[in-house]
Amino acid sequence: MKEHITGLIEQALDALIAQGQLPADITPQIQIDHTRDKSHGDFASNIALTLAKSARRPPRDLATQICEALPSSDLLTRTEIAGPGFINFFLSDSSNQAVVRSILEQGDRFGHSDVGQGRRVQVEFVSANPTGPLHVGHGRGAAVGDSLCRLLAATGWDVASEFYYNDAGAQIDNLARSVQARCLGLTPESPEWPDDGYRGSYIGDVARSYLAGDAIDAQDQHATGAADPNDLDAIRKFAVAYLRREQDLDLKAFAVHFDLYFLESSLYQSGAVEETVERLVANGHTYEKDGALWLRTTDFGDDKDRVMRKTDGGYTYFLPDVAYHLNKWERGFQRVINEQGADHHSTVTRVRAGLQALQQGIPEGWPDYVLHQMVTVMRDGEEVKISKRAGSYVTLRELIDEVGRDATRYFLVARGPSSQLTFDIDLALSQSNDNPVFYIQYAHARVCSILRKLTEQGDSWDADSGLGSLQELQEEHEKALLRRLDRFPEVVANAAATLEPHTVANYLKELAGDFHAWYNAHKTLVDDKPLRDARLALSAATRQVIANGLALLGVSAPESM
RNA sequence: GGGGGUAUAGCUCAGUUGGAUAGAGCAACGGCCUUCUAAGCCGUGGGUCGAGGGUUCGAAUCCUUCUACCCCCGCCA
């Protein structure tokens, strides 16, 4: 529709230029906006305002001329000049109602598009090391990352989701020593407890399971426990598998799927890390200082250079990160999106710098990052500090168990990633009725209920009849709902383009609001059959869009509540 | 000290990328269920869009300077 109006304006401008009313050298940027206030029509353009200066004409005069030059269109009933020089476009009823047919015809594909054109995109998210269960911060990453995958898939991208983790570094050693200490009967209070050991009670669970000889099958890790508390390698392997399995269960409960789990250790085994170092050295972006090997990241916008090989010969974490991203590039992902917590912000510059220093033709701003700000958790009116080492934090699983998967996902995805998020458990529990996710789901369930009622009455609904009598939809509530439904594809496209899933959540809240208002004001199952069928068509279309939108957020659309 | 983020109603937050009179939900108050699900609807009150300056037809939105809070700034990941 926007394209249609843009085309009309273009024709009008061309005509005015041909008549010599406008200078030929203007370069109009035609912008069509949805109106905020329906008294301003359905769409508005500021074209006369932006052209006023170069045309040296008062904007309202210009607007009048443009309006007069507009070709006629079946889709419009009228245009008007308003305010300082806006041109408002009023759509005909039939063009407003056409969206119902589109929705019912396209079904669960309504709102999808093909802007991605089948290009590949990789989304990496969560990427938690297997040193403990997933906490609420990981949950935000999971909710946002998974929703991004769904949005990108819906807009025509070929999406690959990936989870990257370190199964061999210092933190894993720490994990193994912590589990070993538990195997030996130590507790975090013991004087012999390892420095910086993981203190959470789950470490004791891992130790017991190890000693019991349990067999662990995770998505990508398998191990069997042994009785020997002195076999640190066996403990390490077991602990990693055990905690990976825990995380798998967390992710499963959250309905989040990964196409690939990528091990940092594989980059060492394949020689990718060494190769990366050699290329960086060969390209002359490195130097030796204090017995360490440095990368001159300041050449690429960092505020200071970074150590890549430590004096002990080991590599700092960011070097495998660079090797990993080179690997992504070499796998053919011209677009990569990394969703991570904002506390990893400093790695963005370093990884990009390392990739530039490799001189492999990787674009400067590659890869994309979506950084979500911290989640603070409130319980009993107090902030719960997240500390894996101290073992005091709220796990994702606890949240899912307490407030449900749908509410948890919705809460975590409904805010812009760049905003800090407070997850108030007490609020989510005690006032779960006020949770917006129920409000949206309720709208969906209500439509299902109407259709059930129809069936109970021994009646059935004829979609063709409904689509044939859409002109019956003349109530203001119905027009508002039609306008809202029409915007869904644009909302999806915009959310995918800006990587902001929360805009879908906001849209759904508004859509549900429009529906509830209509539902209360006007009965659907009326005796007047054409009107009834038209309303059923509108209801079914609303249900479809709610279901499609919730699917993008990974939230279910229940048929009854 | 440097980098990133945030600041909008009492609280939690939107604000369609610079448009017309800044919006929801909670909380407060008052209404609506013998009628398709009241987890709903309708109404009332509530604002110096952190502060100052700038850009222009037009700013919550862009630029700039401050202020406050959060996160990073390790040869940890």
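No hydrogens, no waters, no symmetry mates; every other heavy atom, side chains included, goes into these values. Letters A, B, ... are given to chains in the order of the sequence lines, protein chains preceding strands, and every chain is numbered from 1.
- Considering only side-chain atoms of A:Q373, the nucleotide from B:A20, B:C70, B:U37 that sits closest is B:C70.
- Distance from the side chain of A:N506 is smallest to B:G15 among B:G40, B:G15, B:C36.
- The A:T316 side chain lies nearest to B:A77 when the options are B:G4, B:G15, B:A77.
- Taking side-chain N and O atoms only, A:S419 has a distance below 4.0 Å to OP1 or OP2 of B:A14.
- Between B:G74 and A:K304, a contact under 4.0 Å exists linking OP1 or OP2 to a side-chain N or O.
- In this structure, A:D459 pairs ionically with A:R532, as a charged nitrogen and a carboxylate oxygen lie closer than 4.0 Å.
- The shortest distance between the side-chain N/O atoms of A:S418 and the OP1/OP2 oxygens of B:G5 is not below 4.0 Å.
- In this structure, the separation between CZ on A:F89 and OG on A:S45 is 6.0 Å, given to the nearest 0.5 Å.
- At least one side-chain nitrogen or oxygen of A:H502 sits closer than 4.0 Å to the OP1 or OP2 atom of B:G15.
- Counting any heavy atom pair closer than 4.0 Å across all strands shown, A:H522 reaches a base atom.
- Residue A:R36 places no side-chain N or O under 4.0 Å from the OP1 or OP2 atom of B:G19.
- Across every strand in view, B:G1 sits in a pair with B:C73 that passes the Watson-Crick or G-U test at under 3.5 angstrom.
- Phosphate contact (OP1/OP2 of B:A38, side-chain N/O of A:Y439, threshold under 4.0 Å): absent.
- The CZ-P distance, from A:R306 to B:A77, rounds to 13 Å in whole Å.
- Base orientation of B:C33: syn, since the glycosidic angle falls within 90° of 0.
- In the set B:C72, B:C76, B:C73, the nucleotide with an atom closest to the side chain of A:A170 is B:C76.
- Distances shown here put every side-chain N or O of A:R535 at or beyond 4.0 Å from the OP1 or OP2 atom of B:C36.
- Distances shorter than 4.0 Å separate none of the side-chain N or O atoms of A:K509 from OP1 or OP2 on B:G23.
- Across B:G40, B:C71, B:C36, the shortest atom-to-atom separation from the side chain of A:D343 is found for B:C71.
- Taking side-chain N and O atoms only, A:Y442 has a distance below 4.0 Å to OP1 or OP2 of B:A39.
- Taking a centre distance below 5.5 Å and an interplanar angle below 30 degrees as the stacking criterion, A:H345 does not stack against the six-membered base ring of B:G3.
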